[in-house]
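Structure first, commentary second.
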There are 2 protein chains.
Amino acid sequence: MTTTTGARMTPQRRAVLDALCASTDHPTAAEVFDRVRTVQPGIGAATVYRTLAMLVEAGQALELSLGDGQSARYDANVARHDHVVCRDCGRAVDVETPLSPRAVRSLSEHTGFAITGYDLQFHGRCPDCTARTT
Amino acid sequence: MTTTTGARMTPQRRAVLDALCASTDHPTAAEVFDRVRTVQPGIGAATVYRTLAMLVEAGQALELSLGDGQSARYDANVARHDHVVCRDCGRAVDVETPLSPRAVRSLSEHTGFAITGYDLQFHGRCPDCTARTT
DNA sequence: TTGTATGCAAACATTTTGCAGCGTG
DNA sequence: CACGCTGCAAAATGTTTGCATACAA
């Protein structure tokens, strides 16, 4: 049994966490890397990847698959919420979802799965992109 | 203006389509490749990727991001439906989801997005995996 | 016959891993 | 001062592209 936690707070980790908390636009790992670089120019990509994985593991960030062709995105908002994604510009905004617990329970009974959660993303076009083509 | 459709039915394409239609387990591109190979041993991976993209484009298959770390999966069942994914074995089963049109409309009004659809995947553990650990 | 489709291999993009040295606790 | 963390570069994935040839229509 390991008693030591061993998790250290380094400037790099703080910078990644800060960058993520300051973002509301669900950046990809590459985007987080770019943002962190403006503060920690010497940081390596591997460190960003490792730190993001750590944060997800620790429950301090969410890893999102928004279903567009993109890579995984990261979100410092760990409260239960869903997303509406613009199919044109890729912008994703947070939304609260009206999925009844009753429906989930019924699904669990029908499938035999022990359901622990769900991911829901809506897609369409954002106001800006809609206006641009109208 | 192009009048010619230009889409040819080759043995390879038929094999990919057949393999997909015979699958109910949402295979990844690599899995489709393996299955098709048993029928068309000489087929190349690129052909499978190209054909799958074609099918998706033509609306004959769906490309799914099930949110687990996996690659995209493909589904010949193009009717609207959602999935329950086992976090342990990765198995994904189809389910019908009761997401009210009213809720979608209200979301559209709140966000200003023109919502055209949504992807919903539940996650948990399948009966088998639950039994295995109980 | 004509132009599309194929297979191969190289090119790519993204993420992970190995390792020597650095720095936090 | 020990052990975890870092940056670099190489490796491992997964997918796409270029091209000469094969073949459906």
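Lettering follows sequence order; numbering is per chain, from 1.
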Counting primed atoms plus P, OP1 and OP2 as sugar-phosphate and everything else as base, spell out the protein contacts along nucleotides 15-25 of chain C at 4.0 Å heavy-atom distance: B, S or - for each nucleotide, 5' to 3'. SBBB----BBS
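Listed by chain and residue number, nothing satisfies the salt bridge (charged side-chain N to carboxylate O under 4.0 Å, His left out) test with B/Arg87 (two or more places apart in sequence, or in another chain). By the salt bridge (charged side-chain N to carboxylate O under 4.0 Å, His left out) test, B/Asp25 pairs with B/Arg35, sequence neighbours left out. Qualifying salt bridge (charged side-chain N to carboxylate O under 4.0 Å, His left out) partners for B/Arg105, counting only residues two or more places apart in sequence or in other chains: none.
Residue B/Asp34 contributes atom CG, which lies 12 Å from atom P of D/dG14 at whole-angstrom precision. Counting to the nearest Å, the C1' atom of D/dC8 and the CD atom of A/Gln12 are 14 Å from each other.
Phosphate proximity of C/dT6 to B/Gln40: absent, as no side-chain N or O sits under 4.0 Å from OP1 or OP2.
Of the possible donor and acceptor atoms, none in the side chain of A/Thr47 sits under 3.5 Å from a partner among the backbone N and O of A/Ile43. Looking only at distances, no side-chain donor or acceptor of B/Ser108 sits under 3.5 Å from a matching main-chain atom of B/Val104.
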Atom pairs and distances, side-chain donor-acceptor, residues 62-69 of chain A, under 3.5 Å, sequence neighbours left out:
from	atom 1	to	atom 2	distance (Å)
A/Glu63	OE2	A/Tyr74	OH	2.9
A/Asp68	OD2	A/Arg73	NH2	2.8

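Between the axis at the start and the axis at the end of the helix from C/dT1-D/dA25 to C/dG25-D/dC1 there is an angle of 40°, using five pairs per end and rounding to 10 degrees.
The aromatic rings of A/His26 and A/His83 sit perpendicular to each other, their planes meeting at more than 60°, with 30° as the lower class boundary.
Put simply, the side chain of B/Gln60 reaches to within 4.5 Å of the side chain of B/Leu17, judged on heavy atoms.
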